[in-house]
Protein chains: 2
Amino acid sequence: MPYDPSAFPPFAVTVDLVVLTVRRHALCALAVRRGEPPYQGRWALPGGFVRGDEDLSTAAARELAEETGLHAHDPAGPLLPNAAHLEQLATYGDPKRDPRMRVVSVAHLALAPDLPAPRAGGDARSVRWAPVEDLLDQEVGYAREDEQAAPLAFDHARILADGVERARSKIEYSSLATAFCPQEFTVGELRRVYEAVWGVALDPRNFHRKVTGTPGFLVPTGGTTTRQGGRPAQLFRAGGATLLNPPMLRPEA
Amino acid sequence: MPYDPSAFPPFAVTVDLVVLTVRRHALCALAVRRGEPPYQGRWALPGGFVRGDEDLSTAAARELAEETGLHAHDPAGPLLPNAAHLEQLATYGDPKRDPRMRVVSVAHLALAPDLPAPRAGGDARSVRWAPVEDLLDQEVGYAREDEQAAPLAFDHARILADGVERARSKIEYSSLATAFCPQEFTVGELRRVYEAVWGVALDPRNFHRKVTGTPGFLVPTGGTTTRQGGRPAQLFRAGGATLLNPPMLRPEA
DNA sequence: GATCATAGTCGTCTGCTTGACGATAAACAG
DNA sequence: CTGTTTATCGTCAAGCAGACGACTATGATC
C-alpha cells in the first residue's frame, strides 16, 4: 500500500504534567485554574501542546519550566539546586476526552522538592499546590459553589491517580524519594517523605538502619543541622544508586 | 486565549506492539517485514494507525488480533484460551523518528503463550518469531545481504528493548509470568519461563517452594501431566493474585 | 540552670525468608 | 532392572525486618 497522507486522521498531541511535592507532611500536586472553556474555572493539571519540532520529553521539560521555574534533572549533568525528576507516565487518548477535538495527551510525572511558592507562568492564571487527597476525593459530592472542591477537568483525576500510584510504588525500589528532598537532607526528612507519600507511619530506628545500610543510597556530607528541632542530625546527599536492592518495604494494609 | 485550531500542529498517531512469547527456552518477539519504504524489506514491530474514533487500547487490541489472532485478555471477563496480556508500554515521539511525517507512536506490550505458528494478517507480509537477543544485537555489524540480520526499522530496537526490560522487571513483583504459559501449566514450565525471560538458571527446589508458598499465585487443578518427561507434575492455573508479596527475586549479576 | 520535650542514633532479640543442597518419588528408555 | 529425567519434600545456616529498649544532643519552659 503506497504512502497516502489521507489514510490517517490528524491528532493534536499535548503533554500534561503531574508535578508532585511534599509540603507540611502531605503529598501535593500542582494544579492550574482553567481560564477558558471547556471546564472554564475548574482546576486542571498543567500542560500544553507539543510543538511541531519538539520531542515529547522536551515539551514536558518546557512546560515544567514555564509553570514552576524548575528544570528537568539531567542524570548525566551536574547537581543543580532547582532540578526536578521528570519521567514519562502514560498516554491518554480516549476519543471523547476533549470535547473540542481528538487530543492525545502524553502525561509526565515530575517530583520536586518543596518550593517556596508556586510561581505563575507567563500569564496570570491561578496556580496552587493542593493535597492529592483533596484533588482526588472531589469526584463525588461536588454540589456547592466552592471552586476548590470541583473535580479536576477532563480525565485529569485519572491521570493524577496514575501518577500518584507510580510515585508510591517507585520509591519502594528506587532512590527517587530523594527527588522530594533538598540537595542536603537528614534521614528524618527522608523518612517524612516516605510517610507522606505512602500515608503511613514508619519506625524511625528501623528506617534509619535501613537507609544508612543500603550502599549507594546516601552519602554523608559531614555537616549537621538542627532545623527539625531535637538533637542535631547528620546531613546527606543522594548517592549514585538509583535502584535499591533490597527495596524499601511498604507496610501492609 | 480562544480556541484556535491552527494553534497546534497535526500529528499522526500509531500503536506499535512488542509481542513477547517463550519458545524453545528463549524469549522471542514478533517481527514483520516491511513491504514499503522507508526501511522496505527490513523487519519491524507490528503496528498501525489509530483510527479516528478508536481508543489507544482498542487500537492496540485490534492490531494484536490482526497480527496474531490473539485477543487482549480482559481481567474481568472469563478465562479464554487464546488470550494475551496487553498493557501500554510508553510513547515515542522524536520529530525525526519517521522520515515521512510527524508520527507519535504509543507502544504496547503483549505477553502471549507459545503459539503454534505465526499467522500472517490480512495481507501476505512475512511474520516471524525471533529471539530478542537476535533482534537487539543487530545494531552493530550489519553489513551482509542477510536481511534476517538487519537492525529493526525506525526506533523499534529501542522500543523492543524497553518492552523486554518491562517484562523482565514486571515478572518479579507480579504474576505476569503466567501470561507466557498455557491455561494449565506445571511449576517446571513456569520456572522455564522465568529462566528464559531473565536468562538465568534457577534452583528447581527453591523455586517450587517459593511459588507454591505464595498465596493466590497458583491454584492446583488436580490434574497431572508428564509432557516434560520424568515424574508427573501437578497442573496449576493462575490464581487471582496479581501482585506478588514478597516478590520473586532475580539472582544477582 | 534543672527539667522536659523533641528528634536522632545505636543495639538487641525474635521470626521469617532465602539460598545451598541432600534425599526421595515417579515416570520413561535401554 | 538400571540409569536418566523431572518433580517434590526437608534441613540448615545466613541475613533481613519488625518490635522495641536505651542513650544522646539540642531547644523550650519554669
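Convention: sequence-line order gives letters A, B, ...; per-chain numbering from 1. What you see is a predicted model, and the numbers here were worked out from it, not measured in a lab.
- For C:dT9, neither phosphate oxygen OP1 nor OP2 lies less than 4.0 angstrom from any side-chain nitrogen or oxygen of A:R191.
- Donor-acceptor pairing under 3.5 Å is recorded for the side chains of B:D162 and B:Y92.
- For the side-chain contact (heavy atoms from CB on, under 4.5 Å) test with A:L235, the passing option among A:T225, A:L218, A:V187 is A:T225; the others fail.
- Atom CG in B:L190 sits roughly 17 Å away from atom P in D:dT6 (whole-Å rounding).
- Between the CD atom of A:E189 and the C1' atom of C:dG8 there is a distance of 12 Å, given to the nearest Å.
- Residues from residues 239-247 of chain A with heavy atoms under 4.0 angstrom of DNA chain D: there are none.
- Under the 3.5 Å distance criterion, the side-chain polar atoms of A:K170 are left unmatched by any main-chain donor or acceptor of A:A177.
- Looking at A:L17 and A:T68, their side chains never come closer than 4.5 Å, going by heavy atoms from C-beta outward.
- Of the possible donor and acceptor atoms, none in the side chain of B:T221 sits under 3.5 Å from a partner among the backbone N and O of B:R237.
- Distance from the side chain of A:P232 is smallest for D:dT26 among the nucleotides D:dA7, D:dT26, C:dG19.
- Residue B:R192 contributes atom CZ, which lies 10 Å from atom C1' of D:dA7 at whole-angstrom precision.
- Looking at heavy atoms from C-beta onward, B:T212 lies in side-chain contact with B:H208 at the 4.5 angstrom threshold.
- Toward the 5' end of DNA chain C, the nearer of the two residues B:R250 and B:R231, judged by each one's closest nucleotide, is B:R250.
- Distance alone, capped at 3.5 Å, is enough to place a donor-acceptor pair between the A:Q88 side chain and the B:T91 backbone.
- Under the 3.5 Å distance criterion, the side-chain polar atoms of A:S175 are matched with a main-chain donor or acceptor of A:A241.
- The backbone N or O of B:Q234 lies less than 3.5 Å from no partner atom in the side chain of B:T224, so there is not a single donor-acceptor pair.
- The interatomic distance linking B:Y194 (OH) with C:dG19 (P) rounds to 13 Å, in whole Å.
- Ranked by how close their nearest DNA chain C nucleotide is to the 5' end, B:L249 and A:T186 are led by A:T186.
- Taken residue by residue, residues 198-217 of chain B places heavy atoms nearer than 4.0 Å to DNA chain C at B:D203, B:R205, B:N206, B:R209, B:K210.
- The distance from atom CG of A:L218 to atom C1' of C:dG8 is 14 Å, rounded to the nearest whole Å.
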